[in-house]
Amino acid sequence: MENASSNASETSRASPEQRIAQLLAVERARLEQELGLAKRPVQHFRRSEERAFTAGERNRVTILFGGLTWKHEQLIQAVLEGAGYRTQRLPTPDLSAFHVGKQFGNTGQCNPAYFTVGNLIKYLRDLEFQGMSHQDVLDNYVFFTAGTCGPCRFGMYESEYRMALKNAGFDGFRVLLFKQDDGVKAQTGEPGLKFTVDIGMGAFNALNLGDITNEMIYRIRPYEITPGKTDRVFGEVLEELARFLRDRRRFEILQSLPQWLSQRLAEKKGLKDTLNTLGKIYLHLYGEDYAQVLRECRDRIRQIEVDRLRVKPIVKITGEFWAQTTEGDGNFNMFAFLEREGAQVLVDGVANWVLYLLRQAKANAHARKGLDVDHYRPAWYQFKKLLANGLKFHKKLSFLTLGERIMAGQYKRAAEKLGNLAHPLVSQAELARLAHPFYHTLAQGGEGHQEVGKNVYYSANHLCHLVLALKPFGCLPSSQSDGVQSAVVNRFPEMIFLPVETSGEGEINAHSRVQMALGEAKSKAKLEFQRALASTGKRLETIKGFVDQRPELRDPLYPVPQRQGIAGIAANFVLYVNDLMNKRQFC
């Protein structure tokens, strides 16, 4: 009674406007309650905590991974096994994996997400079919994948994987995410997959060797004289490289020094750790055992014989990273199809992507330099802040530049040891310069300006006859690049460029489109060869006879210089053999 009387007295003392507002509030509350629109406590999304993958589980938990070529995956697996981890490569995703991923995932995802998670679910189901209990699958396996953020759907892949696994009945299956800034950690507890210097440098070498051997296979196989020999030889080469990466000696400075010196160094932990790290890096990059195994592999590759007089158009592959890398249904088996159609495939590698990331980090550092400086005050007034900013900027720039030089230098060194057949890494500064008039180099997402830059670089420098861009259906960054490419093609009329969106369906249509563009590229390659042959003044049979008498010219690693303005292997080879014949006659 007292409360009611007090409320009534307060209402009577309120102004007419306040009484109206109170009546409106009461009536609004009544209507919301009646219509079920009453406000409820806000429940924000919280990422569910996942069971930790701890160090104690390393001996029994198997790390599943995939997404690269079998060459890269075989070498990475060897590195992880050499560090004491149990690993298993997932099979190449097929069309059935796509449908499984689409069944349990959200609609509208990229086909890399569907293929990847569907492939994982298929593998886990196979484990249960073979007799493993459901709980053992959850406890004894984890999935290791890449993650990032950005304007495309890639940033949501991790949550999509978890949702699809839950829908498929594998709720609680652990997904380990690697990010550039976070590393690999479980959500709680001790990390089960811990990055060490040996793992980091071993993976660095594995990715480089995977890039180089992958490109060498595609450069040699179209010209092999004995069908299937390239695959057999490189199968042996990859086995040897994997064995080396798995079993190579691990450097430990205390074991490499005399006992009296190691005892003294052990007392100085900071110095010991620094010297140990530097020793490991040096051994991984410049160890004689590493150079020796590369030389042995090079000698094996020389067992293959090639016929460089086969006229084949060179098709440069660009596009979204996964679609241009996978070798299965994920890109309509495009590489095998191109080779069956008589083309040579020029693939791209992981190293180019790493260099792109480093270059973008440098560009962003330049763009952000001095943002916290008050531009309305004189420079002398902010001298300390300007000095601190300058030191911080140059420190970051120095580390990024060092990373670029190490990456490019080690790639070049490994390529030379294996026969110097793989193309050198393209300068990212040059790609940015070529792309910038059409596509701003600070625009983020997907491959950024690379698709445009590579199209201009490889076409304008006559390094290929056709540029084929492979990307998932509905890929926003790639769609932006495709829109820009129309202006690029208008600027370079001789350019042959074809974008192809990949999905789980549409393979026949995609192959038909590629055949049409490939027909034009074949004509271009044949005309180039005919002009080169005509310029020699010799008949093709005469050149073939000269080559048949010299086994070294059938060596796949024999250095044949590339003439400016000529892309085809056969055209360059004819001109080189002609020079050899003329030199012999002159002598």
Exercise for the section: Would you indicate whether K526, at its atom NZ, is surrounded by more than 12 heavy atoms from other residues, nucleotides or ligands within a distance under 6.0 Å? Expected result: no
Problem - Rounded distance (nearest 0.5 Å) linking atom CG of L294 with atom CD of E416 - result: 11.5 Å
Handout entry: Ionic contact status for K471 with E451, cut-off 4.0 Å
Key = yes
Exercise for the section: Begin with the C-alpha distance, continue with both residues' side-chain angles, and end with the deciding distance and a verdict on side chain to side chain donor-acceptor pair (under 3.5 Å) for N578 and K583. Expected result: CA-CA 8 Å; N578 177 64; K583 182 178 180 181; over 6 Å; no
Exercise for the section: Would you check if there is a donor-acceptor pair between the side chains of Q324 and N331 at a distance under 3.5 Å? Expected result: no
Practice task
Answer yes or no: does atom CZ of R405 have more than 12 heavy-atom neighbours from other residues, nucleotides or ligands under 6.0 Å?
Solution key: no
Exercise for the section: Please state whether the rings of F115 and F98 are parallel, tilted or perpendicular, taking 30° and 60° as the class boundaries. Expected result: tilted
Handout entry: V456 backbone acceptor or donor facing S459 side chain under 3.5 Å
Key = no
Practice task
Verify the distance criterion only: is there a donor paired with an acceptor across the side chains of K412 and N208 at less than 3.5 Å?
Solution key: no
Problem - Flag, side chain of Q480 to backbone of G448, donor-acceptor distance under 3.5 Å - result: no
Handout entry: Carboxylate-amine/guanidinium contact E339 R221, below 4.0 Å
Key = yes
Handout entry: F65 and F143: CA distance, side-chain angles, deciding distance, ring-ring contact (aromatic ring centres under 6.0 Å, His included) verdict
Key = CA-CA 6 Å; F65 70 100; F143 180 55; 9.1 Å; no
Practice task
Please work out which of the three classes, parallel, tilted or perpendicular, describes the rings of Y114 and F473, given edges at 30° and 60°.
Solution key: parallel
Exercise for the section: Compute the ring centroids of F332 and F337, then answer whether they are less than 6.0 Å apart. Expected result: no
Practice task
Find out whether M407 and F204 are in side-chain contact, i.e. whether some heavy atom of one side chain is under 4.5 Å from a heavy atom of the other.
Solution key: yes
Problem - Side-chain (K316) to main-chain (V345) donor-acceptor, under 3.5 angstrom - result: no
Exercise for the section: Kindly indicate whether a cation-pi arrangement holds for R310 with Y223, taking the cut-offs as under 6.0 Å to the six-membered ring centre and within 45° of the axis. Expected result: no
Problem - Charged N-O contact under 4.0 Å between E404 and K362 - result: yes
Handout entry: Distance-only side-chain donor-acceptor flag, H465 / E528, under 3.5 Å
Key = yes
Problem - Pair H449 + Y356: ring centers closer than 6.0 Å - result: yes
Completion exercise
To the nearest 0.5 Å, atom CG of L346 lies from atom CZ of R219 at 7.0 Å
Handout entry: Side-chain ion pair, R433 and E430, N-O less than 4.0 Å
Key = yes
Problem - From F573 atom CZ to L580 atom CG, the distance as rounded to the nearest 0.5 Å - result: 8.5 Å
Exercise for the section: Identify which one of T325, T213, D211 satisfies the side chain to side chain donor-acceptor pair (under 3.5 Å) criterion when paired with H72. Expected result: D211
Exercise for the section: Answer yes when E327 and K71 have at least one side-chain N-carboxylate O distance shorter than 4.0 Å, and no when they do not. Expected result: yes
Handout entry: Heavy atoms from other residues, nucleotides or ligands near CZ of R302 exceed 12 (cutoff 6.0 Å)
Key = yes
Practice task
Check whether more than 12 heavy atoms from other residues, nucleotides or ligands sit under 6.0 Å from atom CZ of R243, and answer yes or no.
Solution key: yes
Problem - Atom CD of E541 with >12 non-hydrogen neighbours under 6.0 angstrom - result: yes
Practice task
Measure from the side-chain N and O atoms of D307 to the backbone N and O of L309, and report whether any donor-acceptor pair falls under 3.5 Å.
Solution key: yes
Completion exercise
Rounded to the nearest 0.5 Å, the CG atom of L207 sits from the CG atom of L75 at a distance of 8.5 Å
Practice task
Inspect the surroundings of CD in E552 and state if more than 12 heavy atoms from other residues, nucleotides or ligands are less than 6.0 Å away.
Solution key: yes
Fill in the blank from the handout: Separation between CD (E296) and CG (L241), nearest 0.5 Å, reads 10.0 Å
Completion exercise
Between the NE2 atom in H99 and the OG atom in S96, the distance rounded to the nearest 0.5 Å is 8.0 Å
Practice task
Tell me, please, whether Y558 has R554 positioned over its six-membered ring: NZ or CZ under 6.0 Å from the ring centre and within 45 degrees of its axis?
Solution key: no
Handout entry: Main-chain N/O of A323 paired with E320 side-chain donor or acceptor, under 3.5 Å
Key = yes
Problem - Exam field: side chain E447 to backbone F321, donor-acceptor pair closer than 3.5 Å - result: yes
Problem - Ion pair D579/R563, N-O distance below 4.0 Å - result: yes
